[in-house]
Amino acid sequence: MLDLKFIRENPEIVRKSVENKNEKGNVDEILSLDKDRRSLLQEVEELKARRNQVSKEIPKLKKAGENADDLLAEMKTVSDDIKRLDEEVRQVNDKLRLHLIRIPNLPHESVPVGKSADDNVETKVWYPDDFNAEKDFTPMDHLQLGKKLNILDFERGAKISGTGFPVYVGKGATLERALINYMINFHIEKHGYTEIMPPLLVNRDSMFGTGQIPKLEEDMYFMEKDDLFAIPTAEVPITNMHREEILSEEQLPVKYAGYSPCFRREAGSHGKESKGFLRVHQFNKVEMVKMVRPDSSYEELELLLNDALDILHELKIPYRVLLLCTGDLSFAAAKCYDIETWSPAEKKWLEASSCSNFEDFQARRANIRYRRAEDKKTEFVHTLNGSGLATSRLMVSILENYQTPEGKVIVPKPLQKYTGFEIIG
RNA sequence: GGAGGGGUGGCAGAGUGGUUGAAUGCGGCGGUCUUGAAAACCGUUGUGGGUUAUGCUCACCGGGGGUUCGAAUCCCUCCCCCUCCGCCA
């Protein structure tokens with residue numbers, strides 16, 4: 001959510017950003033509702049001031065034994081007017097808020113303007129030293145490998161739950177678990193994050209706080225009986241840990257890392273890039289969340305990105321980094337890097353992580369503040385998060401990059417102490 | 001699920017329907033004292049909104065609604081927390 005005052009004072013900037021982000025926010029309606037609201041407020045507050053003043057006089061008159069009937073009669077009508085105007089204010093406020101929460105965050109000035117993913121800017125490409133782009137055999141894709149080695153079972157997953165719910169079997173399950181443990185430990189030990197194991201079902205306020213609601217409500221699994229949502233990412237519960245709180249400056253930067261399964265309905269996105277792990281309804285992810293001082297958030301974004309990349313360096317998985325253009329940037333983000341890992345079988349890059357700075361957009365929605373040490377004033381924190389990383393896409397890259405000509409898969413060195421075996425097949 | 005108790009400022013904790021935005025304590029800030037610090041003492045200290053703005057003003061005591069000229073205080077409703085009972089991996 002943007003600051004209403006900012007929109008009032010910079011409507012052109014906001015209009016431009018809504019357009020660049022391919023969003024639909026109605027800035028003019030907001031300006032007009034804001035104007036209505038302020039003029040109504042002035043009117044009703046004048047009446048309330050009068051009411052408050054008289055309310056102090058009445059007990060005095062009564063105490064003095066004087067008659068207050070005239071004042072009481074006047075107040076009766078004043079009170080009715082206030083009630084009517086308050087209702088009008090409430091309606092205008094509701095409408096205003098409805099529009100306000102649909103205005104996307106402003107892209108940072110360093111974000112390239114663009115219409116679609118085609119306009120994203122590649123900022124880095126990395127290959128391990130011994131990497132051979134051209135293998136001397138035709139690599140199997142992760143589906144073929146999964147079936148041959150009996151480590152992934154998409155058919156049975158479909159039987160149990162539906163398409164997009166993979167079953168990990170045997171060494172596949174162990175490898176997945178190893179990957180999660182490895183990544184979590186890495187962030188805790190090497191990067192100083194505090195581990196969080198969050199609830200997987202969250203309430204409406206939490207979903208609103210991080211911005212999934214209302215825009216993406218259709219993409220969320222929803223438990224109607226209890227008004228709870230299955231989390232699409234651990235970002236939601238972890239960021240909301242400090243909703244409605246005031247942190248002290250010494251607590252910053254807050255650095256949390258947590259593993260969770262992620263649930264996404266992916267409504268309306270079937271067909272395209274949807275086979276196997278490329279699009280699933282449930283997947284595992286280690287998420288990093290930071291809450292930082294506003295003046296440090298862009299530094300922290302670079303650090304966050306590097307924290308995620310370090311994993312790929314150790315696992316020796318080729319990757320590239322994209323700086324998302326305005327048109328591909330998510331609703332709440334001000335700046336975002338995507339990390340994509342290489343799939344030799346698909347011969348393309350697969351998104352394995354997004355690292356974003358939300359500035360104070362989420363913090364304003366969720367009311368997460370900190371108290372400045374220097375003047376004791378409160379201010380919204382900046383929130384950031386990044387996958388570190390999503391296992392499903394990473395698993396594709398590991399299986400395909402580490403396969404041998406015989407169709408076996410070597411377990412990457414750093415994962416071996418977690419799996420207890422060195423090769424699958 | 002049943003029965004009871006409770007949600008008040010950064011924290012703890014008072015609060016007969018009428019100068020209560022809210023006692024008191026802690027904490028914070030400023031000062032006196034001191035070589036310095038502590039202690040003691042004095043003062044000060046919430047957030048958000050509107051405004052033709054050294055000011056004036058409105059709202060906020062878990063959320064929402066109601067009664068009233070006037071609500072932290074009374075009523076309804078929802079949420080959350082605690083205790084006991086029941087159920088349970």
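Protein chains get the first letters and strands the later ones, always in sequence-line order, with residue 1 at the start of each.
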Should [N] form a Watson-Crick or G-U wobble pair with both distances under 3.5 Å, which nucleotide is its partner?
N	result
B:U67	none
B:G1	B:C85
B:C60	B:G46
B:A53	none
B:U34	none
B:A12	B:U24

Set of residues satisfying side-chain hydrogen bond (donor to acceptor under 3.5 Å, both in side chains) with respect to A:Q403, sequence neighbours excluded
none
Who passes side-chain hydrogen bond (donor to acceptor under 3.5 Å, both in side chains) against A:Q91, sequence neighbours left out?
A:E87
Does the side chain of [X] pick up a donor-acceptor pair with the side chain of [Y] at under 3.5 Å?
X	Y	result
A:Y370	A:H382	no
A:R393	A:T341	no
A:E235	A:T210	no

Considering only the [atom1] atoms, how many Å lie between [N] and [M], rounded to the nearest integer?
N	M	atom1	answer
B:G36	B:U32	P	11 Å
B:G5	B:G65	P	27 Å
B:G31	B:G15	C1'	32 Å
B:A71	B:G64	P	15 Å
B:G66	B:C61	P	15 Å
B:G9	B:U73	P	15 Å
B:C78	B:G2	P	12 Å
B:A12	B:G17	C1'	27 Å

Once each nucleotide of nucleotides 49-64 of chain B is scored for protein heavy atoms under 4.0 Å, what B/S/- sequence comes out, 5' to 3'?
BSS-----SSS-----
Name all residues meeting the ring-ring contact (aromatic ring centres under 6.0 Å, His included) criterion together with [X]; count only those two or more places apart in sequence or in a different chain, and write none if there are none.
X	value
A:F421	none
A:Y298	A:H108
A:H99	none
A:F208	none

Check the distance between [N]'s [atom2] and [X]'s [atom1] and give it to me in whole angstrom.
X	N	atom1	atom2	value
A:E244	B:U47	CD	P	16 Å
A:R243	B:C80	CZ	C1'	12 Å
A:D94	B:G65	CG	C1'	14 Å
A:K377	B:G46	NZ	P	8 Å
A:L61	B:G70	CG	C1'	14 Å
A:E249	B:C29	CD	C1'	16 Å
A:R372	B:C29	CZ	P	16 Å
A:D86	B:G65	CG	C1'	13 Å

What's touching nucleotides 18-22 of chain B from the protein side, N or O pairs under 3.5 Å?
| residue | atom | partner | partner atom | Å |
| --- | --- | --- | --- | --- |
| B:G18 | O6 | A:K62 | NZ | 3.2 |

Residue pairs involving residues 159-174 of chain A (criterion salt bridge (charged side-chain N to carboxylate O under 4.0 Å, His left out); sequence neighbours excluded):
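Not a single pair qualifies under salt bridge (charged side-chain N to carboxylate O under 4.0 Å, His left out).
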Run the ring-centre check on A:F277 versus A:Y168 and record whether the distance is less than 6.0 Å.
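They qualify: ring centres under 6.0 Å apart.
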Taking the six-membered ring for Trp, is the centroid-to-centroid distance between A:H242 and A:Y256 below 6.0 Å?
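Close enough - the centres of the two rings lie under 6.0 Å apart.
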In a check of salt bridge (charged side-chain N to carboxylate O under 4.0 Å, His left out) between A:R372 and each of A:E379, A:E250, A:E249, which one passes?
A:E379
Mind running a 4.0 Å heavy-atom check of residues 221-230 of chain A against RNA chain B and sending the residues that fall below it, in number order?
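Residues of residues 221-230 of chain A under 4.0 Å from RNA chain B: none.
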For RNA chain B, which residues in residues 78-85 of chain A have a heavy atom at a distance below 4.0 Å?
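Contacts with RNA chain B under 4.0 Å: A:S79, A:K83.
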Taking distance alone, no hydrogens or angles, what donor-acceptor pairs closer than 3.5 Å link side-chain atoms of residues 324-335 of chain A to residues at least two apart or in another chain?
| residue | atom | partner | partner atom | Å |
| --- | --- | --- | --- | --- |
| A:T326 | OG1 | A:N20 | O | 3.1 |
| A:T326 | OG1 | A:G114 | N | 3.0 |
| A:T326 | OG1 | A:G114 | O | 3.2 |
| A:D328 | OD2 | A:N120 | ND2 | 3.0 |
| A:K335 | NZ | A:S110 | OG | 2.8 |

If the plane angle is over 60° it's perpendicular, under 30° parallel, otherwise tilted; pick one for A:F165 and A:H281.
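Ring orientation of A:F165 relative to A:H281: tilted.
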Parallel, tilted or perpendicular, as decided by the 30° and 60° cut-offs, for the rings of A:H191 and A:Y193:
perpendicular
